[in-house]
Amino acid sequence: SAHYPLKPTDYYSAACVLALSGNVERGIAALEKCAAIQTAPGTDSSHKLERKLFEKDPEIALLRSDPRFAALFAKLFPKAPAEAGGR
């Protein structure tokens with residue numbers, strides 16, 4: 001309601017807090033919003049989060065163990081042609 005555009009980092013931070021408090025449902029929802037903003041065409045690259053954060057951050061370990069996390073991760077970081085078995 002403040003008309004301030006939120007960034008992927010805002011939703012990622014919320015997901016961290018929610019995961020640490022044990023709230024998987026809301027944590028995944030926050031990561032879904034993070035992913036939607038991060039993958040939007042108009043999002044400034046300086047606001048995007050790095051892959052290793054999603055892979056290693058201990059604060060979202062609980063969310064990584066949820067089956068929905070894999071789909072979110074794939075949306076955020078689709079395989080490059082070389083990773084998919086291409087050249």
Checklist entry - Is it the case that one hydrophobic cluster holds both Leu53 and Phe69, taking links as side-chain heavy atoms less than 4.5 Å apart, direct or via other members? => result yes
Item to check | Lys75 vs Thr39, side-chain contact (heavy atoms from CB on, under 4.5 Å): CA-CA, chis, key distance, verdict | outcome: CA-CA 8 Å; Lys75 178 181 179 180; Thr39 58; 3.7 Å; yes
Checklist entry - Closest heavy-atom contact between Leu72 and Ala35? => result CD2-CB, 4.0 Å
Checklist entry - So, do Thr43 and Gln38 sit near enough that their side-chain heavy atoms are less than 4.5 Å apart? => result no
Item to check | Interatomic spacing from OH in Tyr4 to CG in Asp10 - rounded to 0.5 Å | outcome: 6.5 Å
Item to check | Transitive ILVMFWY side-chain link Phe77 to Leu31, under 4.5 Å | outcome: yes
Next on the checklist: Just verifying a value: how many Å separate Glu50 CD and Lys56 NZ, rounded to the nearest 0.5 Å?
Outcome noted: 13.0 Å
Next on the checklist: Please check: side-chain N/O of Asp57 versus main-chain N/O of Phe54, any donor-acceptor pairing under 3.5 Å?
Outcome noted: no
Next on the checklist: Any carboxylate oxygen within less than 4.0 angstrom of a Lys/Arg side-chain nitrogen, looking at Glu25 and Arg68?
Outcome noted: yes
Checklist entry - Minimum heavy-atom separation for Leu49 to Cys34, with atom names? => result CD1-SG, 3.7 Å
Next on the checklist: Just by distance, no angles: are the side chains of Ser21 and Asn23 close enough, under 3.5 Å, to form a donor-acceptor pair?
Outcome noted: no
Checklist entry - Do you reckon Ile37 sits in the same ILVMFWY cluster as Leu76, going by side-chain contacts under 4.5 Å, direct or chained? => result no
Item to check | Heavy-atom neighbours of Lys33 NZ exceed 12 at 6.0 Å | outcome: no
Checklist entry - Can you name the nearest heavy-atom pair linking Leu62 to Gly22, along with the distance? => result CD2-CA, 3.8 Å
Next on the checklist: Can you confirm whether Arg51 sits close enough to Phe73 that some side-chain heavy atom of one is under 4.5 Å from a side-chain heavy atom of the other?
Outcome noted: yes
Next on the checklist: Can you give me the closest heavy-atom contact between Ala19 and Leu63, atom names plus distance?
Outcome noted: CB-CG, 3.7 Å
